[in-house]
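Below is one structure; the comments refer to it alone.
Worth saying up front: this structure is predicted, and the values here are computed from it rather than measured. Note that ligands are numbered from 1 as they come in the structure, with each ligand's atoms numbered from 1 the same way.
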Amino acid sequence: QFLTVVHPTPHVIYLTRHGQSTYNQLGKIGGNSPLSPAGEEYARRLGAWVMPYVCYQQAAGLDSLTKTRLWTSSLQRTILTAQHIPHPIISEEDLGTPSVPPEPDADDALANGAALADPRQLAGRSSGLRGTPPRANGLRERLRSGGLSGVVGGVALGGIDLDSDRGGGGDRDRVWQQMAPRVYRNLDEIFAGECEGMTYEEIQHSFPSEAKMRATDKIGFRYPRGESYLDILARLDPLVHELESYHEPLVIVSHQAVLRLLYCYLTGRTRAQAPKLSMPLHTVIRITYDGWTPPTEERFYLGPECSQTDGQTHL
Ligand code: F6P
């Protein structure tokens, strides 16, 4: 389906699986488990990595501020993985500026008891500053990170309703919330139906003929009361159209099967190649494409080390 969508403008997409989950540790599939300690550490590392490498484009060898987007699935392991990603408010005039060393004033003002207008601003402030690497802590950006605006330095957001601006600038391009998290059920992992929460060995034992069918036709096989890879393709279709309409670098935190399909689309591979592709944990894959030249790919392993098999040693 979406393999036929054209994409003639430059795009930069960052794909990452969630940090290791407790189900990953146990070799269980599906479910909605939280992160393991290693997965939590990945979330922290990702939160610190995103600002310099995505927002300031250091992954492209640049050092200038650009607008960015963030999508997660609706499952807690992706939302938890994205939890340390800062989402400060920036304005048009900030774009293109290099990252600058931190300036002490804003923190000093906070330490001095500068008032915060409401809890939403507090949430915005803490997520905007926590995890932000020093080089990305420009004062102007920090003032617009949601908490200090209107309080320190007189920087006002002009009554912008932040909620309506989440995920992009809407029709008001003056301000932009970086990495405003957008949650999509379309990005949820393949639903394994009656096999949810089982290990591959348990599936082999309880559903031997289904396990055989899946081994024969992994992309077309639909789990009992669950989904197939082809079903995921169908639900990714509208999302890919949306993705194609954006120009800002986009970070997608999702799951193995879903990312295999997106990766194949973005890199020009066939969907038949998807089900057995390697989609390692604790790694960000940066894909650039413009529809004219061959797509390029770069992988950033952030660690920490963890088992990469997910119980899939039999595949
Ligand atoms: O094991 C992690 C996981 O994301 C499972 O939740 C999911 O069922 C599986 O990977 C998808 O991979 P495969 O299609 O190879 O079984």
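- Residue contacts with ligand 1 for R214 involve side-chain atoms from C-beta outward but no N, CA, C or O (heavy atoms, distance under 4.0 Å).
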Compile the donor-acceptor pairs under 3.5 Å between side chains in residues 279-286 and protein atoms, sequence neighbours left out, one pair per line.
{"residue": "H282", "atom": "ND1", "partner": "P304", "partner atom": "O", "Å": "2.7"}
{"residue": "H282", "atom": "NE2", "partner": "Q20", "partner atom": "N", "Å": "3.0"}
{"residue": "T283", "atom": "OG1", "partner": "L281", "partner atom": "O", "Å": "3.0"}
{"residue": "R286", "atom": "NE", "partner": "Y14", "partner atom": "OH", "Å": "3.0"}

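- Atoms of ligand 1 found under 4.0 Å from any heavy atom of N24, numbered from 1 in the order shown, are 2 (C).
- Looking at A274, S33, G30, it is G30 that brings a heavy atom closest to atom 6 (O) of ligand 1.
- One finds no salt bridge joining R174 and E93 here, because no Lys/Arg side-chain nitrogen approaches an Asp/Glu carboxylate oxygen to under 4.0 Å.
- Counting heavy atoms only, E189 comes closest to atom 7 (C) of ligand 1 of the residues K28, K218, H18, E189.
- Annotation: the span from C306 atom SG to Y42 atom OH amounts to 10.5 Å, rounded to 0.5 Å.
- The side-chain contact (heavy atoms from CB on, under 4.5 Å) test applied to E210 returns F207, M213, F221, P224, not counting sequence neighbours.
- For the pair K218 (side chain) and P275 (backbone), a donor-acceptor distance under 3.5 Å is present.
- Below 3.5 Å of separation, one finds no N or O of H255 facing any N or O of ligand 1.
- Contact annotation for Y23 and ligand 1: no heavy atom of the residue comes within less than 4.0 Å of the ligand.
- Under 4.0 angstrom from ligand 1, there are no non-hydrogen atoms of M198.
- Heavy-atom proximity to R260, at under 4.0 Å, picks out these atoms of ligand 1: 12 (O), 13 (P), 14 (O), 15 (O).
- Atoms NZ and CD1, from K276 and I219 in turn, are 11.5 Å apart once rounded to the nearest 0.5 Å.
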